Amino acid sequence: MEMRTPLAHARGLGPAKSGCTSHWWAQRLTSMALLPLMLWFVVSVLSLVGADHGDYVLWVSDPGNTLLLVLTVVTIFYHSEQGLHVVVEDYVHSEVGKITALIAVKAFAYLGGIASLLAIFRVAFGS
Amino acid sequence: MTSEKSTTGAAKARPLSPHLQVYNPQITSVLSILHRMMGVALSFGSVFLIYWLSSAAYGPDAYGRAQDFFGSPIGQLILLGLTFSLFYHLANGIRHLIWDVGLGFDMPMLRATGIVVVFTAFGLTALTWIVAYVRAGII
Ligand code: HEM
């Protein structure tokens, strides 16, 4: 006898092949976090217009700036990876192409995020 | 494809989702696809964030070269595009978050908030670049 409801059969068969409420939530949370972070980032870059390397080092070494810059970078790459994930699912329909594109998106986000963090730490904590 | 026939034998008209190639663009649909395009553009733009942060890690010479690049006409054009993309995506992102709590869905409200988003994006972009150019001593 069939014990599962039609909904249980359909679950996990969408393009994401999994539940998506956690993905949806994470996308909202990173969006809310990025609102103040990106405004802070733009103001910071404006404060660095015309600054030389020494000024930049001083700015990044400030503990508050280090923290906010790290948070900004992590949130940007997380949010952007999640966003691109949805875009790929919407437009790439072949299974091979989709998996390739999703791996590329993930690899870019991790590499870019880690490279950015290492660069920040290198300057903030001296080499 | 099997098409269902009505009793007269004519193909039965079935509801279709909007076919984007023949869909008449409206402010709501244009703003919506722009949000996605700006998000993708910003994601590509993160390459320049990586470049900027990394150049500083390599030292004063590399940082100077990065600054020269961002100050060049092509660098400025890229930054201008990214500034507008950011403010558009940010403002429309707020619109998205308001929809997520179930507000602002009636047609006049959709148009009004859409117009606010476009003006905010242009306004904040202009403000940012005026401040940047004043600080750089250009104006
Ligand atoms: C400034 C603050 C930001 C806010 C408030 C924000 C908000 C949002 C929201 C609400 C969505 C979901 C749209 C939907 O459900 O269709 C979204 C999607 C997206 N965001 Fe952001 N975002 C911000 C910054 C960024 C940045 C800096 C990047 C890239 C580096 C980015 C890349 C993306 C991408 C690629 C998508 C997917 C687009 C789509 O599915 O249509 N966002 N953003």
Side-chain angles (χ1 to χ4, degrees), chain A residues 24-25 27-32 34-39 41-43 45-57 59-60 69-70 72-73 76-77 79-88 90-91 105 108-109 111-127, chain B residues 20 33 35-67 70-71 79 82-83 85-87 89-101 124-125 127-138:
Chain A
W24 187 88
W25 256 112
Q27 185 82 11
R28 308 304 115 172
L29 289 178
T30 54
S31 300
M32 283 187 268
L34 278 171
L35 278 176
L37 287 173
M38 291 315 292
L39 289 174
F41 181 74
V42 170
V43 171
V45 171
L46 284 176
S47 80
L48 287 168
V49 170
D52 61 15
H53 186 257
D55 301 323
Y56 174 82
V57 173
W59 176 77
V60 173
L69 192 56
V70 166
T72 306
V73 163
I76 284 179
F77 282 101
H79 174 91
S80 138
E81 193 276 331
Q82 288 199 306
L84 292 177
H85 193 112
V86 177
V87 174
V88 167
D90 282 353
Y91 300 128
V105 161
F108 175 73
L111 284 176
I114 292 172
S116 303
L117 291 182
L118 288 178
I120 296 168
F121 293 149
R122 177 83 181 239
V123 177
F125 304 138
S127 43
Chain B
L20 284 184
I33 192 63
H35 185 78
R36 174 159 279 195
M37 284 164 59
M38 299 290 152
V40 173
L42 285 168
S43 301
F44 280 105
S46 56
V47 166
F48 298 101
L49 174 65
I50 303 168
Y51 173 52
W52 179 57
L53 295 170
S54 305
S55 75
Y58 276 99
D61 292 346
Y63 191 74
R65 278 194 299 277
Q67 278 188 315
F70 288 120
L79 289 181
L82 287 176
T83 318
S85 302
L86 175 69
F87 285 131
H89 188 91
L90 184 149
N92 201 53
I94 297 176
R95 200 158 159 254
H96 265 277
L97 294 173
I98 295 173
W99 292 335
D100 289 339
V101 295
L124 287 178
T125 304
L127 181 68
T128 302
W129 281 79
I130 290 169
V131 172
Y133 275 23
V134 166
R135 287 190 55 84
I138 298 171

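Quantities reported herein were computed from a predicted structural model and do not represent experimental measurements. Each chain gets a letter, A, B and so on, in the order the sequences are listed, and its residues count up from 1.
Both the backbone and the side chain of L46(A) come within less than 4.5 Å of a heavy atom of chain B. Residue F121(A) does not touch chain B at all, counting heavy-atom pairs closer than 4.5 Å. Heavy atoms closer than 4.5 Å to chain A are found in both the backbone and the side chain of L90(B). Neither the backbone nor the side chain of L118(A) comes within contact range of chain B; no heavy atoms are under 4.5 Å apart. When heavy atoms are compared at a cutoff of 4.5 Å, V87(A) approaches chain B by way of both its backbone and its side chain. With a threshold of 4.5 angstrom between heavy atoms, V57(A) does not approach chain B through any atom at all. Only the side chain of L97(B) comes within contact range of chain A, with at least one heavy atom under 4.5 Å from a heavy atom of that chain. Of the atoms belonging to A109(A), not a single heavy atom falls under 4.5 Å from chain B. Only the side chain of L84(A) comes within contact range of chain B, with heavy atoms under 4.5 Å apart. When heavy atoms are compared at a cutoff of 4.5 Å, L42(B) does not approach chain A at all.
Residues forming a salt bridge (charged side-chain N to carboxylate O under 4.0 Å, His left out) with D100(B) (at least two apart in sequence, or on another chain): R28(A). Residues passing the side chain to side chain donor-acceptor pair (under 3.5 Å) test with R65(B), sequence neighbours excluded: none.
V49(A) has its side chain out of reach of Y133(B): every pair of non-hydrogen atoms, C-beta onward, lies at least 4.5 Å apart. Under the 4.5 Å side-chain criterion, counting only non-hydrogen atoms from C-beta, F41(A) is in contact with L49(B). Residues V42(A) and F87(B) have side chains in contact (heavy-atom distance under 4.5 Å, counting atoms from C-beta outward). Within the 4.5 Å cutoff, no side-chain heavy atoms of V45(A) are placed close to those of F70(B).
Note: L39(A) CG to L86(B) CG = 7.5 Å, rounded to the nearest 0.5 Å. How far OG of S55(B) is from NE2 of H53(A): 7.5 Å, rounded to the nearest 0.5 Å.
Shown here for R122(A) and A57(B), the closest heavy-atom pair between the two residues is CG-CB, 4.0 Å. Smallest separation of non-hydrogen atoms from S43(B) and F108(A): O-CE2, 3.8 Å. Of all the heavy atoms in S116(A) and L53(B), the pair that sits closest is CB-CD1, 3.7 Å. The two residues Y91(A) and I33(B) have their closest heavy-atom pair at OH-CD1, 3.9 Å.
When the shell of 6.0 Å around OH of Y58(B) is examined, it contains 12 or fewer heavy atoms from other residues, nucleotides or ligands.
Ranked by heavy-atom pairs under 4.5 Å with chain A, the first of A56(B), A66(B), G39(B), S54(B) is A56(B). Highest contact tally toward chain A, considering only G137(B), P60(B), A132(B), is held by P60(B) [criterion: heavy-atom pairs under 4.5 Å]. Chosen from A62(B), G93(B), S46(B), the residue pairing most often with chain A at heavy-atom distances under 4.5 Å is S46(B).
Ring geometry, H89(B) versus H79(A): the interplanar angle exceeds 60°, so the pair is classed perpendicular (tilted spans 30 to 60°).
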query: Hey, mind stepping through L48(A) and W52(B) against side-chain contact (heavy atoms from CB on, under 4.5 Å) and telling me if it holds?
result: CA-CA 12 Å; L48(A) 287 168; W52(B) 179 57; 4.0 Å; yes

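Side chain of Q67(B) to backbone of A51(A): a donor-acceptor contact under 3.5 angstrom is found.
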